[in-house]
Q: 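Have a look at the structure that comes next, please.
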Number of protein chains: 2
Amino acid sequence: MIDSPYLVHPGKKVHLPKIPADDTGPFKHKDDAHKSSDKIIAKLSQLQEVLYAEQKRSLLIILQAMDTGGKDGTIRHVFTGVNPAGCSVVSFKAPSSEELAHDYLWRIHRATPARGMITIFNRSQYESVLIERVHKLVPTDVWKRRYDHINAFEKLLTDEGTTILKFFLHISKNEQLKRLDARLDDPDKNWKSDPNDMVERQSWNQYQSAYEDALTNCSTSHAPWYIVPADHKWFRNHVVGDIIVRTMEHMKLKYPIKPAMRKIPD
Amino acid sequence: MIDSPYLVHPGKKVHLPKIPADDTGPFKHKDDAHKSSDKIIAKLSQLQEVLYAEQKRSLLIILQAMDTGGKDGTIRHVFTGVNPAGCSVVSFKAPSSEELAHDYLWRIHRATPARGMITIFNRSQYESVLIERVHKLVPTDVWKRRYDHINAFEKLLTDEGTTILKFFLHISKNEQLKRLDARLDDPDKNWKSDPNDMVERQSWNQYQSAYEDALTNCSTSHAPWYIVPADHKWFRNHVVGDIIVRTMEHMKLKYPIKPAMRKIPD
């Protein structure tokens with residue numbers, strides 16, 4: 001578990017309104033972070049190669065956020081330099097009928113990374129204690145026991161060789177409004193607009209409460225949550241990239257040494 | 001959890017040598033059980049139809065045994081009358097390279113029953129605390145923590161609508177020798193013989209110890225183990241069938257009532 005000002009310490013109760021979404025850490029301006037961010041991206045690409053070559057362990061990165069929180073943008077900015085042969089993104093949308101016929105972790109488990117791989121979950125198992133709770137799709141006793149399932153599931157994965165990092169991209173309610181408006185106005189962003197976004201925005205407080213419980217109950221030493229200030233996209237990318245790189249450095253990845261082979265004689 | 005003289009009460013330590021493998025319960029002879037066994041098989045077929053129609057819950061049956069313990073025979077005898085559209089058997093053999101690239105529950109979770117279905121596991125997640133332990137394929141600390149994973153995994157499944165029944169078909173060491181010899185001598189059984197069977201038999205005691213730990217650590221109120229006396233095949237089938245039927249009766253399965261529809265007018 002890599003330390004950071006944004007780590008949710010296991011056992012500590014999260015209160016989102018107290019956490020500034022517009023924090024920029026040691027940086028005053030985007031340009032100050034520029035050099036550092038470039039280094040992070042280069043380093044991540046190197047580390048991913050060793051993870052892939054080692055073929056023993058894997059990395060699972062979970063991104064959750066309110067609508068417009070920047071999951072897609074984070075993936076694009078942090079991972080664009082990484083070899084896609086060793087890195088895949090899985091977006092969890094509304095479950096299919098086959099998925100609904102199984103427990104809610106069934107489709108999640110199927111999508112977990114193979115040894116050597118980085119897998120990024122755009123939404124995740126946490127939707128089952130977020131949208132399903134907020135929209136009352138399941139009774140209270142059902143979603144309440146899911147925190148234990150999820151913690152046990154993540155323990156299994158980490159015990160068996162997967163490192164897990166979970167990022168909540170934390171935006172303010174004002175920033176969301178700005179971004180929703182931009183989706184309507186900007187022709188490059190309009191394709192992402194969805195009439196449902198404004199409806200979901202009316203449940204802002206219920207979602208924030210559901211997030212607080214998920215972050216509080218499921219930040220563990222084996223699979224920690226980080227709450228990333230995400231009003232400034234450049235800082236959000238910096239924080240996510242920095243935590244991933246430091247976590248991978250901590251894994252002490254090594255190129256495997258294969259037994260020496262004689263060259264085939266002419 | 002359906003009671004039975006063969007139930008492993010959660011928390012109770014299992015000592016296999018004390019448990020007779022040639023028990024035949026209230027029956028003196030195969031013919032005494034005949035009527036009762038026929039009724040069980042007919043009842044099972046009825047119950048399966050309602051489970052399938054209800055489409056809300058599922059049943060997972062796990063069969064484990066020493067070699068020649070009778071997993072295949074149990075499936076053949078108990079389930080032959082059941083509609084295969086609502087019942088499937090999954091046999092877990094040596095894992096593929098894709099399966100080995102994931103945690104040991106990955107392939108198990110994929111194979112769990114959809115709502116409405118009965119799935120029978122011929123071998124299961126328990127191989128990861130049996131063969132992998134006996135042949136030292138993983139270090140001690142790795143297989144030791146797997147009991148917790150397995151219990152949590154089975155809790156998830158039951159919480160989300162799957163009823164789990166686990167049967168250990170318990171045969172004596174002498175009975176195994178007889179059956180291995182029969183495989184060599186009987187032309188109808190010869191196809192099942194495997195030179196590896198005699199090698200595995202040398203690890204009899206280590207396997208029995210590994211089974212004792214699995215049965216002790218993983219018989220829970222949500223997913224109980226039953227130790228079925230299996231030296232007599234007819235009694236083994238009777239016990240397994242009886243527990244399945246009583247469990248399904250306890251589920252209070254009901255045909256769903258669909259809203260009345262008017263007949264299409266001529």
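Protein chains get the first letters and strands the later ones, always in sequence-line order, with residue 1 at the start of each. Just so we're clear, the structure is a prediction, and the values are computed from it rather than from any experiment.
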Q: Give me the atom names and distance for the closest heavy-atom approach of Asp159(A) to Arg145(B).
A: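 Shortest heavy-atom contact: O-NH2, 2.8 Å.
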
Q: Of all of Ala114(A), Ala152(A), Gly161(A), which one pairs up most often with chain B through heavy atoms under 4.5 Å apart?
A: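 Ranked by contacts with chain B, first place is Ala114(A).
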
Q: Looking at Arg107(A), Arg146(A), Lys56(A), which one has more heavy-atom pairs under 4.5 Å with chain B than the rest?
A: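 Most heavy-atom pairs under 4.5 Å with chain B: Arg146(A).
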
Q: Does any heavy atom of chain A fall under 4.5 Å from the side chain of Leu156(B), the backbone, both, or neither of them?
A: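 It is both, since atoms from each part get that close.
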
Q: Given a strict heavy-atom distance threshold of 4.5 Å, which part of Leu157(A) is in contact with chain B: side chain, backbone, both, or neither?
A: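 Only the side chain of Leu157(A) comes within 4.5 Å of chain B.
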
Q: Got more than 12 heavy atoms from elsewhere within 6.0 Å of NE2, His250(A)?
A: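 Open.
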
Q: Can you say whether Ile150(B) sits under 4.5 Å from chain A via the side chain, the backbone, both, or neither, judging by heavy atoms?
A: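 Neither part; nothing is under 4.5 Å.
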
Q: Shortest non-hydrogen contact from Trp106(B) to Arg110(A)?
A: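 So the two residues come closest at NE1-O, 3.2 Å.
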
Q: Side chains of Asp103(A) and Thr162(B): closer than 4.5 Å at any heavy-atom pair?
A: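 Not in contact.
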
Q: Return the option, out of His149(A), Met117(A), His109(A), with the maximum number of heavy-atom pairs under 4.5 Å with chain B.
A: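 Winner by heavy-atom pair count: His109(A).
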
Q: Out of Ala101(B), Pro113(B), Ser58(B), return the one with the most heavy atom pairs under 4.5 angstrom to chain A.
A: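 Highest number of heavy-atom pairs under 4.5 Å: Ala101(B).
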
Q: Is any side-chain heavy atom of Arg115(B) closer than 4.5 Å to a side-chain heavy atom of His102(A)?
A: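 Of all side-chain heavy-atom pairs linking His102(A) with Arg115(B), none is under 4.5 Å.
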
